[in-house]
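Quick note: numbers below take in every heavy atom, side chains included, and nothing from hydrogens, waters or symmetry partners.
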Amino acid sequence: QVQLVQSGGGLVQTGGSLRLSCVASGMFFSVNEMGWYRQGPGDQRDLVAQITRDGRTTYADSAKGRFTISRDNAKNTTYLQMGSLKPEDTAVYYCMAIVQFTKFAFDARQYWGQGTQVTVSP
């Protein structure tokens, strides 16, 4: 059974910083893409940032220049360093990972973390 366990988040003032972490555990061949999504009240879940296994990154326009995604393949962990936070960044943040179970790329499945609240006060 694969689990994604998130840590970090909380309450911060405008302009502050937070770091989120997400660890994938279980029996699998590899963890491929990893990413962070967020969902505000009444909103859909949107991509914040994504990183491939070889380190290629993608950011939402709202995250460019303020957030940095990284990963440690040896630890099956991804991080989201968030800076210059704004009240509109307030949301539940979810970790995502594409986990591959054998050497065949098609033998993969998407998993989600439990979510963590990030609140940015004015």
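The side chain to side chain donor-acceptor pair (under 3.5 Å) check on Gln117 picks up Thr119, with sequence neighbours excluded.
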Expected list for residues 45-52: side-chain donor-acceptor pairs under 3.5 angstrom, two or more places apart:
residue: Arg45; atom: NE; partner: Gln39; partner atom: OE1; Å: 3.4
residue: Asp46; atom: OD1; partner: Gln44; partner atom: NE2; Å: 2.9
residue: Thr52; atom: OG1; partner: Asp54; partner atom: OD1; Å: 2.4
residue: Thr52; atom: OG1; partner: Gly55; partner atom: N; Å: 3.4
residue: Thr52; atom: OG1; partner: Arg56; partner atom: N; Å: 2.9

Return a table of donor-acceptor pairs under 3.5 angstrom between the side chains of residues 8-25 and protein atoms on other chains or two or more places apart.
residue: Thr14; atom: OG1; partner: Ser121; partner atom: O; Å: 2.7

Please tabulate, one pair per line, all N/O donor-acceptor pairs under 3.5 Å involving side-chain atoms of residues 93-102, not counting sequence neighbours.
residue: Tyr93; atom: OH; partner: Arg38; partner atom: NH1; Å: 2.9
residue: Tyr93; atom: OH; partner: Asp89; partner atom: O; Å: 2.7
residue: Gln100; atom: OE1; partner: Asn32; partner atom: ND2; Å: 2.8
residue: Gln100; atom: NE2; partner: Thr102; partner atom: O; Å: 2.8
residue: Gln100; atom: NE2; partner: Lys103; partner atom: O; Å: 3.3
residue: Gln100; atom: NE2; partner: Phe104; partner atom: O; Å: 3.4
residue: Thr102; atom: OG1; partner: Phe104; partner atom: N; Å: 3.3
residue: Thr102; atom: OG1; partner: Asp107; partner atom: OD2; Å: 3.0

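Two different hydrophobic clusters hold Phe67 and Tyr79 under the rule that ILVMFWY side chains link at heavy-atom gaps under 4.5 Å.
The two residues Val118 and Met82 come nearest to each other via the heavy atoms CG2-CE, 3.9 Å. Across all non-hydrogen atoms, the minimal contact from Pro122 to Pro87 is CA-CG, 4.1 Å.
Checking side-chain atoms of Tyr59 against main-chain N and O of Ile69 turns up a donor-acceptor pair under 3.5 Å.
The ring-ring contact (aromatic ring centres under 6.0 Å, His included) pairs that include a residue from residues 4-47 are Tyr37-Trp112, where partners are two or more places apart or lie in different chains. Sorted by first then second residue, the salt bridge (charged side-chain N to carboxylate O under 4.0 Å, His left out) pairs that include residues 73-88, not counting sequence neighbours, number zero.
For the atom pair CD (Gln110) and CG (Leu4), the distance works out to 9.5 Å, reported to the nearest 0.5 Å. Put simply, CG on Asp72 and CE on Met34 are 10.0 Å apart, with the number rounded to the nearest 0.5 Å.
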- [ ] Any chance you could lay out the side-chain contact (heavy atoms from CB on, under 4.5 Å) test for Arg109 and Val2, step after step, and finish with the verdict?
- [x] CA-CA 10 Å; Arg109 181 179 172 184; Val2 175; over 6 Å; no

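Counting non-hydrogen atoms of neighbouring residues, nucleotides and ligands closer than 6.0 angstrom, the CZ atom of Arg53 exceeds 12 such neighbours.
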